[in-house]
Amino acid sequence: MNSRAYFSSDNDTLKTVLSVLTCVLIGAVFCCILLVLSSFLFSLLKSTPQNFLSTLNLFISSLSAFISGFISAKIRKKNGLLIGACTGALLFMPIFITGVLMSVTDISYISLIRLFAMSLAGSIGGVLGVNRKIKETF
C-alpha cells in the first residue's frame, strides 16, 4: 500500500479527523473566553450561589460543543450527527482532564451528565450545520 496515497488530501477520513480536531480547538478557545468573561462578571458581584456556577459552567461547555459541532459539520457537509457528537465528546476530554488534575472534579455522575450534554449539543450543532443552507443573493 502506498503510504503517500493514504495521507493524501483526498482521504475522507483524514479530512474528517482534521476538521473535528480543529473545531475542538476552536470550541476550547471559545469556552475559555466565555469562562473568563463570566468569572470577571461574577467577581464584580458580592455573592453567587454555587449551584448557579456549576449550571453556568455546564451551559457554557455545552454551548461551546454546539458551536464546535456546527462548524465542524459545516466544513465537512455530511455526517453532521456523528461529527457533532465526536466533536462534543472530544471537547469534553480536556475539560474533564483539567478538572481532575486540578482536583476540582472527580469521576462522578456529574461528569457523565456533562459528557452527555456536550455530545448532544455537538450533535444538534452538527445536524444544523449540515442542513443549514446559505442563501445566495445576487
Side-chain angles (χ1 to χ4, degrees):
M1 181 174 175
N2 187 0
S3 64
R4 186 172 193 154
Y6 182 74
F7 289 109
S8 71
S9 63
D10 294 333
N11 190 343
D12 196 45
T13 305
L14 183 62
K15 285 181 181 180
T16 302
V17 169
L18 287 176
S19 72
V20 166
L21 291 177
T22 302
C23 291
V24 165
L25 182 62
I26 291 170
V29 168
F30 184 74
C31 187
C32 287
I33 291 170
L34 286 179
L35 287 173
V36 166
L37 286 175
S38 66
S39 66
F40 175 72
L41 290 175
F42 284 121
S43 69
L44 299 175
L45 299 175
K46 297 289 181 198
S47 66
T48 48
Q50 184 64 30
N51 291 340
F52 180 72
L53 292 177
S54 45
T55 304
L56 180 68
N57 190 5
L58 180 64
F59 175 75
I60 289 174
S61 56
S62 297
L63 180 64
S64 300
F66 175 83
I67 291 171
S68 296
F70 182 86
I71 295 171
S72 184
K74 197 74 169 160
I75 291 170
R76 291 302 302 143
K77 298 181 175 104
K78 61 180 180 178
N79 299 331
L81 186 67
L82 179 63
I83 289 175
C86 289
T87 304
L90 285 175
L91 185 58
F92 165 79
M93 296 310 287
I95 294 171
F96 176 72
I97 290 171
T98 303
V100 168
L101 290 177
M102 302 301 264
S103 298
V104 175
T105 307
D106 55 345
I107 301 171
S108 67
Y109 71 94
I110 302 290
S111 301
L112 292 175
I113 290 172
R114 182 178 306 277
L115 174 62
F116 177 74
M118 291 179 74
S119 296
L120 180 65
S123 297
I124 293 170
V127 168
L128 292 177
V130 168
N131 293 324
R132 177 103 173 142
K133 303 293 183 206
I134 298 174
K135 295 179 183 179
E136 296 181 20
T137 57
F138 291 101

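- Here Ser68 contributes atom OG and Leu63 contributes atom CG; the two are 9.5 Å apart, rounded to the nearest 0.5 Å.
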Anything under 3.5 Å between a donor and an acceptor, one on a side chain of residues 26-45, the other on a protein residue two or more places apart or in another chain? List them.
{"from": "Ser38", "atom 1": "OG", "to": "Leu34", "atom 2": "O", "distance (Å)": "3.2"}
{"from": "Ser38", "atom 1": "OG", "to": "Leu35", "atom 2": "O", "distance (Å)": "3.0"}
{"from": "Ser39", "atom 1": "OG", "to": "Leu35", "atom 2": "O", "distance (Å)": "3.2"}
{"from": "Ser39", "atom 1": "OG", "to": "Val36", "atom 2": "O", "distance (Å)": "2.8"}
{"from": "Ser43", "atom 1": "OG", "to": "Phe40", "atom 2": "O", "distance (Å)": "2.6"}

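- Grouped with Val130 in a hydrophobic cluster is no other residue, since no side-chain heavy-atom contact under 4.5 Å to another Ile, Leu, Val, Met, Phe, Trp or Tyr is found.
- A heavy-atom distance below 4.5 Å is found between the side chains of Ile95 and Met118.
- Note: Leu91 CG to Leu115 CG = 11.0 Å, rounded to the nearest 0.5 Å.
- For the ring-ring contact (aromatic ring centres under 6.0 Å, His included) condition, the pairs that include at least one residue of residues 73-93, sequence neighbours left out, are Phe92-Phe96.
- With hydrophobic clusters built from ILVMFWY side chains whose heavy atoms lie under 4.5 angstrom apart, Leu56 shares a cluster with Ile67.
- Taking hydrophobic clusters as Ile, Leu, Val, Met, Phe, Trp and Tyr residues chained together by side-chain heavy-atom distances below 4.5 Å, Leu14 does not share a cluster with Ile75.
- Pairs engaging residues 77-87 under the salt bridge (charged side-chain N to carboxylate O under 4.0 Å, His left out) rule: Asp12-Lys78 [sequence neighbours left out].
- One hydrophobic cluster holds both Phe52 and Ile60 under the rule that ILVMFWY side chains link at heavy-atom gaps under 4.5 Å.
- Side chain of Ser72 to main chain of Gly69: no donor-acceptor pair is present (N/O by atom type, distance under 3.5 Å, no hydrogens or angles).
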CA sep, side-chain torsions, deciding dist, call: Asn79, Thr16, side chain to side chain contact (heavy atoms under 4.5 Å, CB included): CA-CA 10 Å; Asn79 299 331; Thr16 302; 6.0 Å; no

Donor-acceptor contacts under 3.5 Å from residues 120-127 side chains, at least two apart:
{"from": "Ser123", "atom 1": "OG", "to": "Ser119", "atom 2": "O", "distance (Å)": "2.8"}

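- Between Tyr109 and Ile113 there is a side-chain heavy-atom pair separated by less than 4.5 Å.
- Considering only residues two or more places apart in sequence or on other chains, Leu25 meets the side-chain contact (heavy atoms from CB on, under 4.5 Å) condition with none of them.
- The shortest non-hydrogen separation linking Arg114 to Ser61 is NH1-OG, 2.9 Å.
- Between Leu58 and Ser54, the closest side-chain pair of non-hydrogen atoms is not below 4.5 Å.
- Atom-to-atom distance recorded for Ile83:CD1 and Cys23:SG is 9.5 Å, nearest 0.5 angstrom.
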